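Comments concern the structure below.
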Amino acid sequence: VIIGLVASFGLLPIAATAQIPGTGTRQNVRGNREAMTKERIKLLGEKAILRLTAALNRADGLRQRVALHASQFSNPRFNKVVVDQKLLEADDAIAKGRAAVAAIQTAMDSALAATTGANGSFTDVRAKIREAMAAIRAAHQKIVDAIILIRAAYEPTTPPPAAPATTTP
């Protein structure tokens with residue numbers, strides 16, 4: 001009632017009191033959605049880069065420890081060439097993983113710079129993350145293969161003789 005009185009006394013123009021529904025709302029919703037999507041891309045990319053880099057560092061450390069043990073292990077049944085080949089393949093996979101992590105950063109930067117189509121860019125970032133994860137898994141599998149080859153050269157340990165089973169009457 002007060003707005004009607006203010007408008008009738010000429011203090012405010014009639015057009016200012018009545019808003020046309022939906023003019024600015026849709027644009028605000030689109031802008032907010034784009035900002036939220038870009039923020040999600042940024043957070044996902046930063047977290048993925050941090051975690052994948054840590055996983056690559058752990059895999060590289062494990063590869064180095066296995067290589068050190070393989071170089072110190074002398075056994076005629078042990079084929080050092082095959083183990084070194086597996087470790088070299090693991091090193092290549094780790095290098096591919098590091099390249100994929102760098103690609104995540106570039107995909108994230110291009111997604112944040114894009115004015116439209118953030119969802120397509122979000123898909124690109126996720127695809128790059130999957131590539132890096134696959135490289136880390138491949139590196140880990142090669143290291144495990146090398147460890148299995150090393151363990152196969154050890155003499156199997158015989159378990160202690162089992163005590164005879166006793167039954168109570």
Side-chain angles (χ1 to χ4, degrees), residues 26-165:
R26 287 185 184 164
Q27 196 63 14
N28 289 341
V29 168
R30 285 186 187 129
N32 289 342
R33 186 181 309 136
E34 240 178 72
M36 286 174 47
T37 303
K38 287 186 178 188
E39 185 66 24
R40 286 179 55 207
I41 291 171
K42 180 181 175 190
L43 291 175
L44 175 82
E46 288 174 352
K47 186 184 285 187
I49 288 171
L50 184 70
R51 288 182 178 179
L52 293 173
T53 302
L56 284 167
N57 291 339
R58 285 191 306 269
D60 193 35
L62 178 62
R63 183 197 57 78
Q64 290 173 355
R65 287 192 308 272
V66 170
L68 177 69
H69 289 295
S71 68
Q72 294 174 350
F73 187 59
S74 60
N75 190 337
R77 296 184 338 155
F78 176 62
N79 191 354
K80 188 173 179 339
V81 175
V82 177
V83 172
D84 288 341
Q85 179 63 33
K86 293 289 184 185
L87 293 175
L88 187 62
E89 290 172 5
D91 194 33
D92 291 341
I94 289 171
K96 286 180 186 174
R98 292 196 193 282
V101 169
I104 292 170
Q105 182 66 43
T106 58
M108 185 177 70
D109 291 342
S110 66
L112 293 176
T115 57
T116 59
N119 286 336
S121 300
F122 193 53
T123 305
D124 293 341
V125 172
R126 287 186 294 196
K128 298 294 183 190
I129 290 171
R130 276 191 231 98
E131 288 176 15
M133 289 172 61
I136 293 170
R137 285 187 183 115
H140 184 266
Q141 185 59 45
K142 297 299 180 185
I143 295 169
V144 167
D145 290 344
I147 292 171
I148 289 171
L149 288 171
I150 292 171
R151 287 185 64 186
Y154 280 103
E155 291 293 326
T157 58
T158 57

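Keep in mind it's a predicted model, so treat the numbers as computed, not measured.
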Working to the nearest 0.5 Å, report the span between [atom1] of [X] and [atom2] of [Y].
X	Y	atom1	atom2	answer
Thr37	Leu44	OG1	CG	12.0 Å
His140	Leu56	NE2	CG	12.5 Å
Lys128	Met108	NZ	CE	14.0 Å
Lys80	Leu87	NZ	CG	8.5 Å
Asp91	Ile143	CG	CD1	9.0 Å

Partner residues of [X] under the salt bridge (Lys or Arg N to Asp or Glu O under 4.0 Å) criterion, sequence neighbours left out:
X	result
Glu89	Lys142
Asp92	none
Lys42	none

Only counting residues at least two apart or in another chain, list the ones meeting side-chain contact (heavy atoms from CB on, under 4.5 Å) with Met133.
Leu52, Ile129, Arg137
List for me each residue that meets side-chain contact (heavy atoms from CB on, under 4.5 Å) alongside Leu149, sequence neighbours excluded, and say none if there are none.
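Leu149 satisfies side-chain contact (heavy atoms from CB on, under 4.5 Å) with Val82, Val83, Lys86 once adjacent residues are dropped.
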Solution key, residues 60-70 side-chain donor-acceptor pairs under 3.5 Å, sequence neighbours excluded:
{"residue": "Asp60", "atom": "OD1", "partner": "Arg63", "partner atom": "NE", "Å": "3.2"}
{"residue": "Asp60", "atom": "OD1", "partner": "Arg63", "partner atom": "NH2", "Å": "3.0"}

Nearest heavy-atom pair of Ala132 and Gly97: which atoms, and what distance?
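Closest pair (atom of Ala132, atom of Gly97, distance): CB-O, 4.4 Å.
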Positive for side-chain contact (heavy atoms from CB on, under 4.5 Å) with Val125, one of Leu112, Ile41, Thr106
Ile41
